[in-house]
Amino acid sequence: MADYVVAIDQGTSSTKALLVDRSGAVVASGSAPVGIAYPSPGWVEQDAQDILRGVRLAAAAALRDVDPARVVAVGLSTQRESALVWDRVSGEPLGPVLGWQDQRSRDICIRLRGSEKEIASLSGLPLDPMFSAAKLRWLLDAAPSASAVGTVDSWLVYALTGAHHIERGNASRTQLLDVRTGTWSPRLLSLFGIPASVLPEITPSSGDLGVIGPAGGVLASLPIRAILGDSHAALFAHASSSGGSFGGAFGGAKVTYGTGSSVMGLLSSPSTGLGLTIAWDAPDVVRIGAQSKNTDVQLAAEGNIRSSGATIGWLATLLGVSTERVAELARGASSDGVFLVPAFGGLAAPWWDDAASGLITGLSLGSGPAQLAAAALESIAHQVTDVLDDLPDVSQVLADGGASANDHLMQIQADLAGVPVRRARTRNLSALGAANLAAPWPAAPIAYDEFRPRIDQDDRSALRSAWRAAVHRALTTAVGS
């Protein structure tokens, strides 16, 4: 009898595999680190074969005590805008994976600035080097013989099954998809110079998505039944675990706190500064608000934050301490008017200024490591609130991701946003979202911890005004004036 689903969560810094049973319990897990390199300022690279090895290693650890014959399906959750090219015959990558944080394609975006309104209208996304299209153009310039391009999900599907496919939600993050029709846009392909012949075929988020071959190790012969981008998968976990309704349990926005952060709401259209994206393409699941012309497609508004957990890691390295120590310093201190704007690779939503400069303001002779730590933690909550301010009618925030385990951060978030924050007690929401979509049985409910605002509106307004003043000092003149 098939008793389990394997969920693979392929992230920026690691790959996790969860073995999930019919009750929704995680009965075994495995993980593998994923290397990352920064060969030049603004460049972020990974190795495609290293990513594939990590999937095999994590899966082998999760299935070490279980017969794979008891697994009914595999679900994939993957990092999103990261891009790569390869040879479709040999299967060999023809360059590095350009990470979602990579900025080397900025000059390509600058050359397209005259078309940015058209690009945003078609793709739903602001013109920015974070998205895959400009990265793919850069990679094709470096490897013109490449016969296949894709994101991490399409690379894994190709390596595991031999099919050149991409899931529709991930495709919507490339900036090459017409977000309202859910198909590749000839005009966007023309603008970015991407030949249609190298693109993967678009598939739904669920269904018969391929059978894994020998390259999958212990996963060989298992069917892939679900694929989602990691942030989309976390959103789906919240949705599917609330009994099929976003009423009550959802009621606003989902925030995933990771290396960066993703703020998503199921709305009819994006607000200023936010993007329109495809959350998932799956029949018989929750849909609310905007639909594309394909009625199985759920649209969402999203704002992306480039540096949240990464800010804590940066400060830990600067101070020569652990990230846990940075959190301890922040918990016992006030920022005392110090603001840290972590524009290490520019600022994303809602500002979309890839030339913004990171800065620290409000320093005095009394400022020290504790004040910097507090300012770093507060910068995460301030950036999330910047995006929440562009989402109408947010009555509460559903939180997940590694940094959401920090109670102090969750309380700061509630104070600055002025709404309750409900943190999922269940960890690994991205993996569980993929498991829930892949499984032939109902999803288990999620329990939440709640953090309610503790400061009044005047104090909140003062803090937010001071933060916005710091951000405008970081922005370039064209954006900030």
Exercise. Taking Glu167 for the side chain and Asn170 for the main chain, is one N or O donor matched with an acceptor at less than 3.5 Å?
Worked result: yes
Problem set entry | Reported CG-to-CZ distance for the pair Asp354 and Arg106, which is rounded to 0.5 angstrom | 4.5 Å
Exercise. If we only count heavy atoms from C-beta on, is the Ser23 to Trp441 side-chain gap below 4.5 Å?
Worked result: no
Problem set entry | Neighbour count above 12 (heavy atom, 6.0 Å) for Arg468 CZ | yes
Exercise. What is the ring orientation for Phe236 with Trp280, classed by angle as parallel under 30°, tilted 30 to 60°, or perpendicular over 60°?
Worked result: perpendicular
Exercise. Going by distance alone, is a donor N or O of one side chain under 3.5 Å from an acceptor N or O of the other, for Lys254 and Ser231?
Worked result: yes
Exercise. Do Tyr448 and His238 touch side chain to side chain, with heavy atoms closer than 4.5 Å?
Worked result: yes
Exercise. Can you check whether Leu125's main-chain N or O pairs, donor with acceptor, with Gln175's side chain at less than 3.5 Å?
Worked result: yes
Exercise. Between atom CG of Leu139 and atom CH2 of Trp86, what is the distance when rounded to the nearest 0.5 Å?
Worked result: 11.0 Å
Exercise. For Pro129, does its backbone N or O pair with a side-chain atom of Lys135 as donor and acceptor, under 3.5 Å?
Worked result: yes
Exercise. Between the main-chain N or O of Arg454 and the side-chain N or O of Asp415, is there a donor-acceptor pair closer than 3.5 Å?
Worked result: yes
Exercise. With side chains defined as the heavy atoms from C-beta onward, is the minimum distance between Phe451 and Arg423 less than 4.5 Å?
Worked result: yes
For this session: For the residue pair Pro93 and Trp155, establish whether any side-chain heavy-atom pair is separated by less than 4.5 Å.
Result: yes
Exercise. Hey, is Asp407 close enough to Arg331 for a salt bridge, meaning N to O under 4.0 Å?
Worked result: no
Exercise. Measuring from Arg173:CZ to Thr78:OG1, what's the distance to the nearest 0.5 Å?
Worked result: 12.0 Å
Exercise. Do Asp9 and Lys16 meet the salt-bridge criterion of a basic N to acidic O distance under 4.0 Å?
Worked result: no
For this session: Would you check if the side chain of Asp50 reaches a backbone N or O of Gly35 as a donor-acceptor pair within less than 3.5 Å?
Result: yes
Problem set entry | Polar side-chain atom of Arg425 near backbone of Ala447 as donor-acceptor pair, under 3.5 Å | no
For this session: Please step through side-chain contact (heavy atoms from CB on, under 4.5 Å) for the pair Trp352 and Asn304, ending with a clear verdict.
Result: CA-CA 9 Å; Trp352 295 110; Asn304 303 97; 4.2 Å; yes
Exercise. Ser430 side chain to Asp230 main-chain N or O, any donor-acceptor pair under 3.5 Å?
Worked result: yes
Problem set entry | Ala431 backbone acceptor or donor facing Asn428 side chain under 3.5 Å | no
Exercise. Sub-3.5 Å donor-acceptor pair from the side chain of Gln10 to the main-chain atoms of Thr15, do we have one?
Worked result: no
Exercise. Val71 and side-chain contact (heavy atoms from CB on, under 4.5 Å): which partner among Val5, Leu19, Leu219, Asp3?
Worked result: Leu19
Exercise. Out of curiosity, Arg137 CZ to Asp107 CG, how far, rounded to the nearest 0.5 Å?
Worked result: 14.5 Å
Problem set entry | Atom pair CZ/CH2 of Arg80 and Trp100 - distance to nearest 0.5 Å | 9.0 Å
For this session: Give the ring-plane orientation class for Trp351 versus His472, where under 30° counts as parallel, over 60° as perpendicular and anything between as tilted.
Result: perpendicular
Problem set entry | Leu432 side chain near Ile446 side chain, heavy-atom distance below 4.5 Å | no
Problem set entry | N-O pairing of Asp128 and Arg306 below 4.0 Å | yes
For this session: Could you verify whether a donor N or O on one side chain and an acceptor N or O on the other, from Ser132 and Glu81, lie under 3.5 Å apart?
Result: no
For this session: For the pair Met410 and Asn406, evaluate side-chain contact (heavy atoms from CB on, under 4.5 Å) and give the outcome as yes or no after the intermediate values.
Result: CA-CA 6 Å; Met410 294 296 95; Asn406 187 317; over 6 Å; no
Problem set entry | Working for side chain to side chain donor-acceptor pair (under 3.5 Å), residues Ser262 and Glu302 | CA-CA 7 Å; Ser262 163; Glu302 180 176 13; 2.6 Å; yes
Exercise. Are a donor atom and an acceptor atom from the side chains of Thr256 and Asp400 found within less than 3.5 Å of each other?
Worked result: yes
Exercise. Can you find a heavy atom in the side chain of Leu315 that is under 4.5 Å from one in the side chain of Thr311?
Worked result: no
Exercise. Say you draw a straight line from CG of Leu136 to CG of Leu98; how long is it, rounded to the nearest 0.5 Å?
Worked result: 8.0 Å
For this session: Would you confirm whether Thr174, through its side chain, and Ala171, through its main-chain N or O, come within 3.5 Å as a donor-acceptor pair?
Result: yes
For this session: Could you please spell out the steps behind the side-chain contact (heavy atoms from CB on, under 4.5 Å) verdict for Ser205 and Leu437?
Result: CA-CA 8 Å; Ser205 308; Leu437 186 56; 4.0 Å; yes
For this session: Answer yes or no: is there a side-chain heavy-atom contact under 4.5 Å between Leu347 and Leu475?
Result: yes
Exercise. Can you find a pair of side-chain heavy atoms, one from Thr277 and one from His232, that are under 4.5 Å apart?
Worked result: yes
